[in-house]
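Along the sequence shown, residues are numbered consecutively beginning with 1. Numbering of ligands and ligand atoms starts at 1, following listing order.
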Amino acid sequence: MSGVFKPATRQLILALSKGRIFEDTLPLLEAAGIRVTENPETSRKLILDTSDPDVRVIIVRASDVPTYVQYGAADFGVAGKDVLLEHGGEGLYQPIDLNIARCRMSVAVHAGFDYETAVRQGARLRVATKFVQTAREHFAAKGVHVDLIKLYGSMELAPLVGLSDAIVDVVSTGSTLRANNLVEVEKIMDISSRLVVNQAALKLKRERLQPILAAFERASRIEK
Ligand code: AMP
């Protein structure tokens, strides 16, 4: 304890997930003059200090970032469009597309499965995915009947062992699909990560948040 009184409105918590989002957010934080002083890949800590005594980073599952921000346990966070669509965006202000962690959401099938013919013939498809909302909307818009099977990871396995005819997953280089003898048959949408801000924090902590949001916006425009 430093003994110095710090009003709660100055303390900020940023929710990030490990991996690409964490790594791609570091340059944006640096543009705002904030350096994360611990590495989540080597530390087991879930609350990380930064060079700014008022700002801390919490490390959560990517799909939990919107929930922490929605309930105000984090003031702001970075989450992929894929995750935000599944969450629904309730209680979140989404001011900036950071243009980081870019990939696409696609439909993929086993190389031996004739997707086009199955769709044309009106077959009922079994689709395994973590992204059930997005998948449901995509196939409903196409008029394709699907049975959705919710998975939490390793979607690529499902068509290989007969759990599903197709998967809906995020694809970056496509090498994971290729390694598992799957082919991408349809792109649903482009994905990038966005900044999300708790709506109450935006009002109560505007003075501290605004310069960081402005720096993130400038840096994400310059970099891409
Ligand atoms: P790929 O580069 O296509 O082989 O991607 C490898 C795996 O990483 C895929 O199975 C995806 O689930 C995951 N992945 C790739 N890019 C992203 C991203 N931007 N956000 C979340 N997951 C991703």
Would you say that more than 12 heavy atoms from the other residues, nucleotides or ligands in this model lie under 6.0 Å from the CZ of Phe139, or not? yes
Using a 4.0 Å heavy-atom cut-off, which part of Asp169 comes near ligand 1: side chain, backbone, both, or neither? side chain
Under a 4.0 angstrom heavy-atom cut-off, which atoms of ligand 1 come close to Arg20? 16 (N), 19 (N)
Of all residues at least two apart in sequence or in a different chain, which pass the salt bridge (Lys or Arg N to Asp or Glu O under 4.0 Å) check with Lys130? none
Heavy atoms from other residues, nucleotides or ligands near NZ of Lys150 exceed 12 (cutoff 6.0 Å): yes
Which residue and heavy atom of the protein sit nearest atom 7 (C) of ligand 1, plus the separation: Thr176 OG1, 3.8 Å
Mind checking whether Ala101 has an N or O less than 3.5 Å away from an N or O of ligand 1? yes
Any chance CD of Glu207 has more than 12 other-residue heavy atoms, nucleotides or ligands included, within less than 6.0 Å? no
Side chains of Ile149 and Arg126: closer than 4.5 Å at any heavy-atom pair? yes
Evaluate the criterion side chain to side chain contact (heavy atoms under 4.5 Å, CB included) for residue pair Thr134 and Met189; output intermediate values, then yes/no. CA-CA 10 Å; Thr134 309; Met189 66 179 76; 3.6 Å; yes
Distance-only N or O hit between ligand 1 and Val171, under 3.5 Å: no
Specify whether the nearest protein heavy atom to atom 4 (O) of ligand 1 is under 4.0 angstrom away. yes
Name the closest protein heavy atom to atom 10 (O) of ligand 1, giving the residue it belongs to and the distance to 0.1 Å. Glu156 OE2, 2.8 Å
Counting heavy atoms only, which part of Met155 comes closer than 4.0 Å to ligand 1: side chain, backbone, both or neither? neither
What I'd like to find out is whether the side chain of Val197 reaches to under 4.5 Å of the side chain of Leu92, using heavy atoms alone. no
Do me a favour and list the nearest non-hydrogen protein atom to atom 13 (C) of ligand 1 with residue, atom name and distance? Val170 CG2, 4.2 Å
Quick one, Val36 and Phe22 - any side-chain contact, counting heavy atoms below 4.5 Å? yes
Ligand 1 contact by Gly174, heavy-atom criterion under 4.0 angstrom: yes
Between Ile58 and Leu26, is there shared hydrophobic-cluster membership here, with clusters defined by ILVMFWY side-chain heavy atoms closer than 4.5 Å? no
among protein heavy atoms, the one nearest atom 20 (N) of ligand 1 is Cys103 SG, 4.1 Å
Close N or O approach (Thr173, ligand 1; < 3.5 Å): yes
Return the closest protein heavy atom for atom 15 (C) of ligand 1 as residue, atom name and distance. Ser172 CB, 3.6 Å
